[in-house]
Amino acid sequence: MEFYEGACELKLLQTLEGHTDRVWSLAWNPATGTAETPLVFASCSGDKTVRIWEQNPSPSSSSSSHSSWNCKAVLEDTHTRTVRSCSWSPSGKLLAVASFDATTSIWENVGGDFECVSTLEGHENEVKSVSWNASGTLLATCGRDKSVWIWEAQAGNEFECVSVLQGHSQDVKLVLWHPTLDVLFSCSYDNTVKVWADDDDDWQCVQTLGEPNNGHSSTVWALSFNKTGDKMVTCSDDLTLKIWEMDSTSMQSADGYAPWRHLCTITGYHDRTIFSVHWSSEGIIASGAADDAIRFFVEDKDGLVDGPSYKLLLKEEKAHGMDINSVQWSPGEKRLLASASDDGAVKIWELASLCTGQHVLPSIKMFYLSIYHGHLKSHQSVITFFLGQSSGNGY
């Protein structure tokens, strides 16, 4: 990619207040962000509520910096404890909400009003994460009870549990479906990422990414895929990000499951737990951590021949007043990022150019530090951005 020369900044557009406890998680509605449909996202909190936020563009400007964000709805009086995670269906019409009260609620947008249309029960205690598959036919949940549940969406907003997966030995922090395949990933307090696939209606663990195969040495908090789904980034309490690649040359089973292999480790940039990571459609990785900062990384394509490496583009110190629990890139063409924190605030950011005020294009010429087989080297070259996400404090 070609870049405009010049520096860049992470520009704070708006701080959204309303939650009365820490904000745990954010989810952008994937069906929004078009010319006809303004951006919408949900935030969930220790205050037992979910807030739905909508962008209101200024009629006199197309710039994101002239937009305002308003709370359009508060989903409350359903959960009795912390709401930990939320996830929109691919159509954007259903929102799944996971709570520490051991239930997952399903909300439907009916003419702009949100109604709770189903409640999923089964976990023994806190539900930590919820995720839809690419087609919206399957939903996954996970929890403190060390289990992962797979639910099948049926007519009339009914959901049937089709499998309970018991492979983890500790609290399961997050579940996430592959962006195009019906393959599920889970990360855990047991320091591993497990990969689950369906074999003749029998869901099973097909791979475990752990310390013996260059995995993490402490709790894995989150993961995210690149746009094409052939790479994955994971973040951990061990203060590293790890990049993984689908090994299509080593297909397993008739279903064509391709195992994952470790590409490289991004280390030396974080000194506190990394709670969240998110890979943008342009290849920008954002990370959020317990040091209250947001960091941006990008692949180094400057002629390094001994394997891939990634470099730091930008660090936003004190992006929040406390731990950053979630960072999420928006859908659509604008380069917007939402972040959530223990400080109870949600912030909307834009990656912008200092010199022209224009949106930063995919690359920029600057000095940077790149990671190359564990050694820091100083370079000057054209780079691509990457950005990440972070999550709360250990629950």
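Heads up: numbering here begins at 1 and tracks the sequence. What you see is a predicted model, and the numbers here were worked out from it, not measured in a lab.
Without hydrogens or angle criteria, E115 side chain to V110 main chain gives no donor-acceptor distance under 3.5 Å. Distance alone, capped at 3.5 Å, places no donor-acceptor pair between the D300 side chain and the S309 backbone. A donor-acceptor pair under 3.5 Å is formed between the side chain of W177 and the backbone N or O of S131. Put simply, the side chain of S99 gets close to the backbone of T82: a donor and an acceptor are under 3.5 Å apart. D101 places a side-chain N or O within 3.5 Å of a backbone atom of T80 that can act as its donor or acceptor partner. A distance-only check finds no donor-acceptor pair linking the side chain of S330 to the backbone of L337 [under 3.5 Å]. Judged purely by atom type and a 3.5 angstrom limit, N29 has no side-chain atom pairing as donor or acceptor with the backbone of A42. In this structure, the side chain of N125 engages the main chain of D145 through a donor-acceptor pair within 3.5 Å. Between the side chain of H178 and the backbone N or O of G229 there is at least one donor-acceptor pair closer than 3.5 Å. When atom types are taken as modelled, the side chain of K347 and the backbone of A319 share a donor-acceptor pair closer than 3.5 angstrom.
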Open item on the list: As a quick check of understanding, evaluate side-chain contact (heavy atoms from CB on, under 4.5 Å) for N109 and I52, giving each step before the final call.
Closed with: CA-CA 11 Å; N109 185 351; I52 309 297; over 6 Å; no
TODO: Walk me through it: do S339 and W349 pass the test side-chain hydrogen bond (donor to acceptor under 3.5 Å, both in side chains)?
DONE: CA-CA 8 Å; S339 61; W349 309 83; 2.8 Å; yes
- [ ] Could you walk me through whether D237 and T219 pass the side-chain hydrogen bond (donor to acceptor under 3.5 Å, both in side chains) test, one step at a time?
- [x] CA-CA 5 Å; D237 185 56; T219 302; 5.0 Å; no
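H262 has its side chain out of reach of N213: every pair of non-hydrogen atoms, C-beta onward, lies at least 4.5 Å apart. For the pair I150 and D198, the minimum side-chain heavy-atom distance is 4.5 Å or more. Contact annotation: the side chain of V220 never approaches that of L209 to less than 4.5 Å [non-hydrogen atoms, C-beta and beyond]. Contact of the R51 side chain with the L16 side chain is not registered, since no non-hydrogen atoms from C-beta on lie closer than 4.5 Å. Annotation: side chain of E160 is not in contact with side chain of E158 (no heavy-atom distance under 4.5 Å). Contact annotation: the side chain of I243 never approaches that of P308 to less than 4.5 Å [non-hydrogen atoms, C-beta and beyond]. Proximity of S188 to K194: side-chain heavy atoms (C-beta onward) are nowhere separated by under 4.5 Å. A 4.5 Å side-chain heavy-atom check between R335 and E282 finds at least one atom pair inside the cut-off.
A pairwise comparison of heavy atoms in G215 and W244 identifies CA-CH2, 3.7 Å as the closest pair. What you find for W279 and M232 is that their closest heavy atoms are CZ3-C, 3.7 Å. Pairing each heavy atom of R84 with each of S25, the nearest pair is O-CB, 3.4 Å. A338 and I348 make their closest contact through CB-CD1, 4.0 Å (heavy atoms, listed as atom of the first residue, atom of the second, distance). The two atoms that bring A289 and R295 nearest to each other are CB-NH1, 4.4 Å, heavy atoms only. When all heavy atoms of V183 and V195 are compared, the closest pair comes out as CG1-CG1, 3.4 Å.
The line from CD of E317 to CG of D292 is 9.5 Å long, rounded to the nearest 0.5 Å. Between S287 atom OG and L241 atom CG the span is 5.5 Å, to the nearest 0.5 Å. Once rounded to the nearest 0.5 Å, the distance linking CG of L223 with OG of S236 reads 12.0 Å. To the nearest 0.5 Å, the span separating SG on C116 from CG on D77 amounts to 11.0 Å. Of the inter-residue distances, the one linking W132 atom CH2 with L139 atom CG reads 5.0 Å to the nearest 0.5 angstrom. One finds the OG1 atom of T180 at 11.0 Å from the CG atom of N133 (value rounded to the nearest 0.5 Å).
Residue K48 places its NZ atom among 12 or fewer non-hydrogen atoms of other residues, nucleotides or ligands, all under 6.0 Å distant. Counting non-hydrogen atoms of other residues, nucleotides and ligands closer than 6.0 Å to CZ of R144 gives a total of 12 or fewer. Residue F225 qualifies as enclosed at atom CZ: its count of foreign heavy atoms under 6.0 Å is above 12.
Residues passing the ring-ring contact (aromatic ring centres under 6.0 Å, His included) test with W149, sequence neighbours excluded: H123, W151. Residues that satisfy the side chain to side chain donor-acceptor pair (under 3.5 Å) test with R272, not counting sequence neighbours, are absent from this structure.
Hydrophobic cluster membership differs between L176 and W196, with clusters built from Ile, Leu, Val, Met, Phe, Trp and Tyr side chains linked at under 4.5 angstrom. Grouping the Ile, Leu, Val, Met, Phe, Trp and Tyr side chains by contacts below 4.5 angstrom, directly or via other members, places I106 apart from V97. Residues Y257 and L138 do not share a hydrophobic cluster, clusters being chains of Ile/Leu/Val/Met/Phe/Trp/Tyr side chains in contact below 4.5 Å. V117 and V130 fall within a single hydrophobic cluster, where Ile, Leu, Val, Met, Phe, Trp and Tyr side chains are chained together by heavy-atom contacts under 4.5 Å. A single hydrophobic cluster is seen to contain both Y269 and I274, as judged by linkage of ILVMFWY side chains at heavy-atom distances under 4.5 Å, directly or through other members.
Side-chain contact of T267 with T265: a donor-acceptor pair under 3.5 Å is absent, judged by distance alone.
Each of W53, W88, F41 was compared with W28 under the ring pair (Phe, Tyr, Trp, His ring centres under 6.0 Å) criterion, and only F41 meets it. With C44 as reference, V50 is the one residue of T49, L26, L95, V50 to meet the side chain to side chain contact (heavy atoms under 4.5 Å, CB included) rule.
In summary, D238 and K242 do not engage in a salt bridge, as defined by a charged side-chain N under 4.0 Å from a carboxylate O.
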